[in-house]
Amino acid sequence: MEEAKSRSLEEDFEGQATHTGPKGVINDWRKFKLESEDSDSVPPSKKEILRQMSSPQNRDDKDSKERFSRKMSIQEYELIHRDKEDENCLRKYRRQCMQDMHQKLSFGPRYGFVYELETGEQFLETIEKEQKITTIVVHIYEDGIKGCDALNSSFTCLAAEYPMVKFCKIKASNTGAGDRFSSDVLPTLLVYKGGELISNFISVTEQFTEEFFAGDVESFLNEYGLLPEREIHALDQINMEEDTE
């Protein structure tokens, strides 16, 4: 009898309080927060989330369990949305930085291929009349000399990777100074900027292994600080990331 009366009192008490225990208090507070919010100032999406979180759930119901496991506080909700805003802001900042970098790398004339110089006069004209900001890398070669073909192939790749650098090649016999460029010193690299010779490397392939590639030549030139920053496509990558999000 006493047990039945006690059970009845508990049922009456639970009928008055929507939720009991710590979680029940939190849910009641959420419901109160929802009801006390100015309806004009609360976005419909937020209001719906708060309504779902404050509604009593039957925990034996599978859907109810899933909804219960997704409950979040108002602070958590606002934090998530603030994080999204911060993420968007960070993405815009990164995009602006990459645009600035792209503009700096793209400043000045662009080439993208290897120029074949036919005469000594054309060689001198290229050095003297090119813009002062342009780095000019010249390969002096001759057919049949070991390493010359591989270096020409490497130049083709590097010219595409560094379009702001002017890569040229000329046969030693066409320079007008063939006696100075004998087979003993070929292949030779000459690097100019602002009309001045800043570096020269004779028998340059001695610096590489017997079989070398564009990456080896690139590393060699970078060791001497002769190449600018490599142009990258990070801006396109960011655009792809934004499209997938």
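Shown here for T134 and P109, the closest heavy-atom pair between the two residues is OG1-CG, 3.5 Å. Of all the heavy atoms in A214 and L158, the pair that sits closest is O-CD2, 3.9 Å. Of all non-hydrogen atoms in M164 and E229, the two that sit nearest each other are CE-O, 4.4 Å. The two residues I170 and T119 come nearest to each other via the heavy atoms CD1-O, 3.6 Å. In this structure, D184 and S203 approach most closely via the heavy-atom pair O-OG, 2.9 Å.
The distance from the CG atom of L124 to the OG1 atom of T126 is 8.5 Å, given to the nearest 0.5 Å. Within the model, atoms CD of Q207 and CZ of F220 stand 4.5 Å from one another, a figure rounded to the nearest 0.5 Å. Taking CG from L221 and CG from L227, the interatomic distance works out to 4.5 Å, rounded to the nearest 0.5 Å. How far CG of D216 is from CG of L151: 11.0 Å, rounded to the nearest 0.5 Å. Rounding to the nearest 0.5 angstrom, the gap separating the CD atom in E142 from the CG atom in N174 is 7.5 Å. If you take NZ on K169 and CG on L189, they are separated by 13.5 Å, rounding to the nearest 0.5 Å.
Between K166 and E130, some side-chain heavy-atom pair lies under the 4.5 Å cut-off. Between F113 and T156, every side-chain heavy-atom pair lies at or beyond the 4.5 Å cut-off. Contact check for T175 versus F123: no side-chain heavy atoms found under the 4.5 Å cut-off. With contacts defined as side-chain heavy-atom distances shorter than 4.5 Å, the pair L190/L197 qualifies. Taking the side chain as every heavy atom from C-beta outward, V165 and P228 approach each other to under 4.5 Å.
Less than 6.0 angstrom separates the ring centroid of F201 from the ring centroid of Y224.
Cluster annotation: I198 and V204 are assigned to the same hydrophobic cluster (Ile/Leu/Val/Met/Phe/Trp/Tyr, side-chain heavy-atom contacts under 4.5 Å, transitive). No path of Ile, Leu, Val, Met, Phe, Trp and Tyr side chains, each step under 4.5 Å between heavy atoms, connects F155 with Y115, placing them in separate hydrophobic clusters. Hydrophobic cluster membership is shared by V191 and F167, with clusters built from Ile, Leu, Val, Met, Phe, Trp and Tyr side chains linked at under 4.5 angstrom. Under the 4.5 Å side-chain heavy-atom criterion for Ile, Leu, Val, Met, Phe, Trp and Tyr, Y141 and F181 are members of distinct hydrophobic clusters. Y162 and Y111 are members of different hydrophobic clusters when ILVMFWY side chains are connected at heavy-atom separations under 4.5 Å.
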(request) Go through the steps to decide whether K193 and K132 satisfy the test side chain to side chain contact (heavy atoms under 4.5 Å, CB included), and finish with yes or no. (result) CA-CA 6 Å; K193 193 168 187 178; K132 292 184 177 181; over 6 Å; no

(request) May I have the step-by-step check of side chain to side chain contact (heavy atoms under 4.5 Å, CB included) for E218 and S154, ending in yes or no? (result) CA-CA 9 Å; E218 178 184 26; S154 297; over 6 Å; no

(message) Let's go through S199 and L226 carefully: what are the C-alpha distance in whole Å and the side-chain angles of both, what is the deciding distance for side chain to side chain contact (heavy atoms under 4.5 Å, CB included) to 0.1 Å, and is it a yes or a no?
(response) CA-CA 8 Å; S199 291; L226 298 174; 3.6 Å; yes

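Taking the side chain to side chain donor-acceptor pair (under 3.5 Å) definition, one finds that Y192 meets it with nothing, sequence neighbours left out.
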